[in-house]
Amino acid sequence: MKKLYITAISTLLILGVSAQKTLDRSKQPIPGPAPVISITDPVQYTLPNGIIVLVVENHKLPKVSATYSIDAGPVTEGSKAGVLDIMGQMLSEGTTNRTKAAFDEATDQMGADISLSSSGGNVSALTRYFNKAFLLMVEALRKPAFPQESFDKIKSLTITGIKANDKNANAISSRVVNALVYGTDHPNGEFTSETTVNGLTLQDVKNAYTSYITPSRGYLTFVGDITPEQAKALAVKAFGDWKGVALSLPKLKEVANPSKTEIDVTDVPSAVQSELTVTNLISLPLSNPDYFAVLLANQILGGSADARLFMNLREKHGYTYGAYSRTGYGRFQTTFSASASVRNEKADSAVIEFLNEIQSIRNIKVSEEELKNAKALYNGTFALSLEDPARTAAFASNVLINNLPKDFYKTYLQKINAVTTDDVERVAKKYFNYDNTRIIAVGKAEVILPGLKKLGYTVNQYDKFAKPATANTPIAVNISANDIIAKYIAAIGGADELKKVNSYSSTGEMTVQGTKLTLTEKKLAPNLELTEMQMGGQTVVHEVFDGAKGYQTQMGNKKDMTDEELADKKDEKGLFPQLYYNDGTFKLEVAGVEKVGDANAYKIKVTGPSGKASTEYYV
Amino acid sequence: MTTGYLVKQENSSKQDGQDISQVIENSNYKKVGNISFPFTYVLSVQSTAGSQSFTVDVKEVKLNEGVTKEDFK
């Protein structure tokens, strides 16, 4: 009954995506000469309340930006997961001095940009408005109004967002990967869910604010057309009298990698691709001399579209559109991971190739040429990044936060360029696991499981919230498909009533990325159908089937329905297709009982006269 | 297995050479005259290009009025 809508919407989805520009990858860029680096140290002060102020003076443009950032480290939110994120959003919902509307207007009048989050705030403005804009940002940080109605709105939007991603294999994969790797009691492994958000109150947000928005471990950075004296005066004026909770970095328990390589599978029955991740935990503080060799080893393995993983999995085998690897770094445990979205049918073959490439970089020395290219890339991007004065400030705060030698960034390229092929092999062995890694596959289990089970590793199954999937105890079905359909017909009103319906029309609404769309559907016996989707009074999709042929008009482009689409339409023999399921041209098969939401539902495979199959669930 | 309602449908198809899988979940069944229709449904569309989910709230259903053959030209 709803098939038309879907065709219309999925077409919109595809059109939207195919409109993206493709990059010309036929030409390889030529590496430039090794750049000469000079980095000036920012001027640094400490306010009496502990805030460290860094100033990078740069008068090229009449513009100043400032960032206040609180280094709380990874926070464990537990049953209140999501509260920090919502608290951050609530900082943009007005202050005790002015409403959100007045705040936004004041910002807009100056052409300033102000943004806030649970770890601080950011402001940029023309020099002549900067002081005012800066004080506005500070007002938002120090005097949030936290109105109840804003909280209710943000909470409901957050839940809508979670629901929208409910079947998204990509979103499920990032949640499951972190939860399995770190464990759900670790700040990196826990996740925000509908349950945790539903449980949040405005008081929780206020508590989170008191605990984490504070001068303690705060870094205030000014960059641009401002002198250190002006910046200091402004910092004192805005933050001098500010007091708050003292923060200390959390101590996290060390998490172990699996002792033997394992495969963890999460079933997403609707997934058209499988999300594959090969990942292990690493410890790689910036102060570790291995850091530079790891950067280059990762670059060679999977850092770009020239790297080994991409060349193998995409160019050579065509399993995926792209395969990459990345390594984290910093004060806390992090991960090395290699990942790709692969065709379901090729999930097992892709796992083999991932492992082959990891094995190869661990055991076979990379060529001088590969290492030279990887270095050239770092030299180039590093020099380029220095064009941005904010980068210099970020370097300075990185040095402080990570307790690094003062010349860490000044000698950065020297250390990159000193890495040898021996170093790469040594760190690949140490940081890219092979015998004790974790392979996580999120996709259509029905297709990927049989192949993955043949690879010789332990295979575990998890649900989409990373809980061990309990083996489905099949519930005996002692009812025929025809009886289930008959029960459905009786439940919605009975065959006699349904047969009285000659036409049907409905209007509905949906919101896509903040835009409201109106849907109109009309049906006339026996099986004429019309679907229209309107946006702001304008028709964006118009689809018609007159019983024999049909077309779709989308943004003015008319396209006749294909034979396949027509066959699909013709399979629907009436306004209530189920009335015709027992006319001898359909094949029905009860495929068991499955959960839909919390309820058990009969799963019926319906094959129409055209041979096209669909699956229906009746409770 | 109490109400008898249709709560979910899955289809797959090919469009412009891409596999698309579509799931509809029906809920909020309400009576229009003597017949029940779902007034809320969630459409999920997955393709190699990405996946999206939409919730449709049906505002109004009319039976046997206002539809003519002319509408399907």
Flag, side chain of A/Arg343 to backbone of A/Ser274, donor-acceptor distance under 3.5 Å = no
A/Lys346 NZ/CZ over A/Tyr319 ring centroid, <6.0 Å and within 45° of normal | no
Region of B/Lys31 in contact with chain A, defined by heavy-atom distances below 4.5 Å = neither
With the side chain counted from C-beta on, respond yes when B/Asn28 and B/Lys30 share a heavy-atom pair under 4.5 Å apart, and no when they do not.
-> yes
Minimum heavy-atom distance between A/Ile485 and A/Gln578, given as atom pair plus value | CG2-O, 3.7 Å
Say whether A/Glu616 and A/Tyr581, considering side chains only, have a donor N or O and an acceptor N or O under 3.5 Å apart.
-> yes
Identify which part of A/Lys612 has an atom lying under 4.5 Å from any heavy atom of chain B, answering side chain, backbone, both or neither.
-> side chain
Give, as side chain, backbone, both or neither, the part of A/Leu498 having an atom under 4.5 angstrom from any heavy atom of chain B.
-> both
Turns out that what part of A/Val501 lies under 4.5 Å from chain B's heavy atoms comes down to both
Side chain from CB out, backbone as N, CA, C, O: work out which of these in A/Asn168 comes under 4.5 Å of a heavy atom of chain B, or both, or neither.
-> both
What residue in A/Lys603, A/Glu509, A/Glu497 has the most heavy-atom pairs under 4.5 Å with chain B?
-> A/Glu509
Contact class of B/Phe39 relative to chain A, heavy atoms under 4.5 angstrom | neither
A/Ser173 side chain to A/Ala169 main-chain N or O, any donor-acceptor pair under 3.5 Å?
-> no
One option among A/Gly493, A/Pro269, A/Ser503 has the most heavy-atom pairs under 4.5 Å with chain B, and it is A/Ser503
Which answer fits B/Glu65, side chain, backbone, both or neither, if we ask what part of it has an atom under 4.5 Å from a heavy atom of chain A?
-> backbone
Pick one of side chain, backbone, both or neither for B/Ser12, based on which atoms fall under 4.5 Å of a heavy atom in chain A.
-> backbone
Tell me, for A/Ala271 versus chain B, whether the close heavy atoms (under 4.5 Å) come from the side chain, the backbone, both or neither.
-> both
Can you find a side-chain donor-acceptor pair between A/Glu543 and A/Thr531 that sits under 3.5 Å?
-> no
Centres of the A/Phe545 and A/Tyr551 rings: under 6.0 Å?
-> no
Among B/Asn64, B/Val42, B/Asn34, which residue forms the greatest number of heavy-atom pairs with chain A at distances under 4.5 Å?
-> B/Asn64
